[in-house]
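Heads up: numbering here begins at 1 and tracks the sequence. Since we're looking at a predicted model, the values are computed, not measured. When a ligand or atom number is given, it counts from 1 through the structure's own listing order.
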Amino acid sequence: MSGPDRQSDPAAHRVQFLLDGKQVSLDDVDPTRTVLQYLREDLRRTGTKEGCAEGDCGACTVVLAEPHGAELRLRAINSCIQFLPTLHGKQLITVESLAGADGTLHPVQRAMLDCHGSQCGFCTPGIVMSLFALFKAQTGANRRDIDVALAGNLCRCTGYRPIVEAAGAMYQYAADNEQPDRGWMHRAGPAGDAEERALCRQLQALDGKASLALRSGERRYFAPRDIDTLAQLVSEHPQACILAGGTDVGLWVTKQYRELPTLIYVGEVAELRTVDERDDWLDIGAGVTLSDALVPIVAHYPAYEALFLRFASPPIRNAGTLGGNIANGSPIGDTMPALITLGTRLMLRKGGATRELALEDFYLAYQKTALQPGEFVSRIRIPLPSPGRAVRSYKISKRFDQDISAVCGAFSVELDGERVRDIRIAYGGLAATPKRAIACEQALLSRDWNEASVQGAMAALDRDYSPITDMRASDAYRRKVSKNLLYRFFLETSGATDGKSVYDWR
Ligand SMILES: Cc1cc2nc3c(=O)[nH]c(=O)nc-3n(C[C@H](O)[C@H](O)[C@H](O)COP(=O)(O)OP(=O)(O)OC[C@H]3O[C@@H](n4cnc5c(N)ncnc54)[C@H](O)[C@@H]3O)c2cc1C
Ligand code: FES
Ligand code: FES
């Protein structure tokens with residue numbers, strides 16, 4: 001055996017985490033068993049519900065706590081698509097964890113009850129857990145914070161009003177019932193207190209330093225800690241499935257019943273979890289979650305805020321990674337058009353060698369990328385904004401929140417006076433891969449940025465793409481909307497809208 005299997009530390013073959021403050025150690029874990037299956041079927045802890053089993057409805061929402069330096073970080077995730085071994089070194093918090101030992105309801109539960117926020121009961125546990133994550137992230141919340149926090153919890157009985165009221169009231173309930181013995185979970189916002197720091201240390205000790213290597217029947221799971229071990233493992237197991245947040249891979253198991261004999265989890269690899277700002281670019285590790293990656297991108301490119309807030313839901317963004325979105329190779333991934341227009345480059349690692357590739361050259365055909373066997377994405381390099389460059393990316397989907405794009409268009413223009421000095425345009429949803437609109441760009445380059453040249457470029461889009469009709473949109477719709485998005489970009493960057501969005505999404 002090689003790599004982490006050689007290690008003698010028995011903890012390296014056991015999944016260890018905390019549940020209700022107690023240590024859980026699991027041997028012989030099936031790597032693709034989901035956290036939800038473990039909770040409901042193994043523990044009979046059935047407060048957490050299964051609705052869709054694909055990360056869409058939020059009925060299965062739980063919260064994970066893990067050390068982030070000396071602080072504890074809490075994040076809501078969808079347990080239906082989270083594989084059990086990824087709990088290693090974390091604290092799992094479920095709806096059953098919230099009430100005090102004496103049965104006293106948590107402020108979030110009390111507020112839901114008193115505001116009549118609990119309706120069919122099936123969605124309620126997930127809603128409570130999303131609100132609990134919000135409660136622990138901040139000491140207060142406005143309407144927008146509440147809407148964002150609940151974007152991944154579907155309620156089909158049209159009952160959001162009392163739930164939103166409960167979210168507004170939960171902080172007051174906590175303040176009214178402040179009792180020192182209730183513990184950090186009952187205090188709003190990151191507590192940062194002695195109890196929380198002690199929990200951090202406990203989790204760090206539990207996690208250990210060894211890479212996790214599991215075998216269950218024919219299935220194997222590796223969670224290396226450093227990039228060299230990861231590179232070695234991926235080279236030794238070129239057919240293995242690389243697992244990051246599992247928000248795509250999880251569905252291969254729960255919906256497509258695919259066999260994944262070997263999983264290599266990148267979520268523990270320290271070097272893949274960093275974000276560095278260099279002189280000219282943002283350097284983002286492929287294992288950084290979307291929640292963490294999108295913050296620095298939006299800090300430099302505020303125009304992308306709406307796009308990124310509409311990327312799935314907080315639980316999906318808390319688990320899914322930017323590297324996973326890119327490597328997945330979907331023609332309708334939401335980050336790629338924007339990243340292509342920014343001139344993003346990828347660092348690809350294979351064994352001891354690293355090569356660099358422009359993101360636009362990474363996609364070869366439908367779900368086929370330039371990744372070679374034994375190779376993985378290690379970093380994503382996004383150029384920082386240059387003066388005078390305007391960028392936008394617009395997502396068109398049937399639902400505002402938590403929906404897949406029919407078309408996603410991204411635009412970047414640099415003007416020299418009225419003249420277009422540089423232009424990059426890319427769309428998702430119009431071809432088998434995310435793709436630049438070269439004919440359209442040519443129709444604009446060195447021309448004046450005015451109505452006539454933009455109308456000409458809109459017509460040129462027909463030479464760039466031959467979209468298909470599917471359940472999300474017809475080819476005619478896709479053609480029309482892609483042209484309109486370019487026109488919208490023109491309006492928003494030519495002074496016609498005072499620099500504002502033509503559509504106020506807030
Ligand atoms: C409910 C729901 C809503 C969603 N909404 C959106 C949306 O709005 N927009 C959107 O674009 N996507 C959406 N997605 C898709 C998904 O969340 C994203 O594609 C996400 O970024 C995938 O990242 P991940 O870390 O979960 O990848 P994983 O599922 O872990 O992996 C995805 C693929 O990438 C490969 N991979 C992962 N990391 C690497 C690496 N470092 N090197 C090489 N290969 C790697 C895996 O082997 C796999 O093939 C949604 C998914 C769900 C379930
Ligand atoms: S069961 Fe619907 S999101 Fe998990
Ligand atoms: S609370 Fe379940 S459908 Fe509304």
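Close approach of ligand 1 to Gly246 (heavy-atom distance below 4.0 Å) involves ligand atoms 24 (P), 26 (O), 28 (P), 29 (O), 30 (O). Counting atoms of ligand 2 from 1 in the listed order, those under 4.0 Å from a heavy atom of Gly55 are 3 (S). Taking a cut-off of under 4.0 Å to the non-hydrogen atoms of Arg156, the atoms of ligand 3 that pass are 3 (S), 4 (Fe). Within the listing of ligand 3, atoms 1 (S), 3 (S), 4 (Fe) sit less than 4.0 angstrom from a heavy atom of Cys157. Near Cys57, the atoms of ligand 2 lying under 4.0 angstrom from a non-hydrogen atom of the residue are 1 (S), 2 (Fe), 3 (S). Counting atoms of ligand 1 from 1 in the listed order, those under 4.0 Å from a heavy atom of Gly333 are 11 (O). Proximity to Asp56 (heavy-atom distance under 4.0 Å) selects the following atoms of ligand 2: 3 (S). In the vicinity of Asn78, heavy-atom distances shorter than 4.0 Å reach the ligand 2 atoms 3 (S). For ligand 2, the atoms closer than 4.0 angstrom to any heavy atom of Cys80 are 1 (S), 3 (S), 4 (Fe).
Thr32 and Asp30 form a side-chain donor-acceptor contact under 3.5 Å, judged by distance and modelled atom types alone. No side-chain donor from either of Thr341 and Ser412 sits under 3.5 Å from a side-chain acceptor of the other. Using a 3.5 Å distance cut-off with no hydrogens or angles, the side chains of Ser130 and Asn153 do pair a donor with an acceptor.
Distances between N or O atoms of Ala312 and those of ligand 1 include at least one value under 3.5 Å. Of the polar atoms of Glu375, none of the N or O atoms is found under 3.5 Å from an N or O of ligand 1, judged by distance alone. Checking only distances, Gly320 never comes within under 3.5 Å of ligand 1, N or O to N or O. The N/O atoms of Asp248, backbone and side chain alike, include one that comes under 3.5 Å of an N/O atom in ligand 1. At a 3.5 angstrom cut-off on N or O pairs, Thr335 does not count as close to ligand 1. For ligand 1, the polar-atom distance check against Ile81 finds no nitrogen or oxygen pair separated by under 3.5 Å.
The option from Tyr265, Phe311, Phe308 that lies nearest to atom 10 (C) of ligand 1, judged by heavy atoms, is Phe311. Here atom 4 (Fe) of ligand 2 lies nearest to Cys60 when heavy atoms of Ala53, Cys60, Pro315 are compared. The option from Val269, Leu230, Val377 that lies nearest to atom 40 (C) of ligand 1, judged by heavy atoms, is Val377. Residue Gly324 holds the heavy atom nearest to atom 27 (O) of ligand 1 of all those in Gly323, Ala319, Gly324, Gly287.
By the 4.0 Å N-to-carboxylate-O rule, Arg45 lies close enough to Asp20 to be salt-bridged with it. Under a 4.0 Å N-O distance rule, the pair Glu50/Arg40 does not qualify as a salt bridge. Comment: Lys398 does not engage Asp403 in a salt bridge, judged by the lack of any side-chain N to carboxylate O separation of less than 4.0 angstrom. Salt bridge absent: Arg310 and Glu305 never bring a charged side-chain N and a carboxylate O closer than 4.0 Å. Using a 4.0 Å cut-off between charged side-chain N and carboxylate O, Arg219 and Glu259 make a salt bridge.
If you check which protein heavy atom lies closest to atom 44 (N) of ligand 1, you get Ala327 CB, 3.3 Å. The shortest contact between atom 46 (C) of ligand 1 and any protein heavy atom is with Ile242 O, 3.0 Å. Scanning all protein heavy atoms for the shortest distance to atom 3 (S) of ligand 2 gives Gly58 N, 3.2 Å. The protein heavy-atom contact nearest to atom 18 (C) of ligand 1 is Asn325 ND2, 3.3 Å. With respect to atom 16 (C) of ligand 1, the closest heavy atom belonging to the protein is Thr247 OG1, 3.2 Å. Closest to atom 31 (O) of ligand 1, if we only count protein heavy atoms, is Val249 CG2, 3.6 Å. Of all protein heavy atoms, the one closest to atom 11 (O) of ligand 1 is Asp334 N, 2.7 Å.
For the ligand labelled ligand 1, residue Trp252 lies inside the 4.0 Å heavy-atom shell. Within the structure, ligand 1 has Asp56 among the residues with a heavy atom less than 4.0 angstrom away. At least one heavy atom of Lys395 lies less than 4.0 angstrom from ligand 1. At least one heavy atom of Ile316 sits under 4.0 Å from some atom of ligand 1. Distances shorter than 4.0 angstrom occur between a heavy atom of Asp403 and an atom of ligand 1.
Two rings, from Tyr304 and Tyr301, have their centers less than 6.0 Å apart. For Tyr171 and Phe135, the distance between ring centers is under 6.0 angstrom. Between Tyr173 and His106, the distance separating the two ring centers is not shorter than 6.0 angstrom.
Under 2.8 Å from atom 4 (Fe) of ligand 3 lies no N/O/S atom of Cys123, from backbone or side chain alike. For atom 2 (Fe) of ligand 2, the set of nearby N, O or S atoms under 2.8 Å includes one belonging to Cys52. Taking backbone and side-chain atoms together, Cys155 has an N/O/S atom less than 2.8 Å away from atom 4 (Fe) of ligand 3.
Under the 4.5 Å side-chain criterion, counting only non-hydrogen atoms from C-beta, Tyr257 is not in contact with Trp252. Between Ile81 and Leu251 there is a side-chain heavy-atom pair separated by less than 4.5 Å.
Tyr38 and Phe17 have perpendicular rings, their planes meeting at more than 60° on a 0 to 90° scale where under 30° would count as parallel.
Once rounded to the nearest 0.5 Å, the distance linking CG of Leu359 with CG of Leu339 reads 6.0 Å.
Within 6.0 Å of CZ on Arg44 lie no more than 12 heavy atoms contributed by other residues, nucleotides or ligands.
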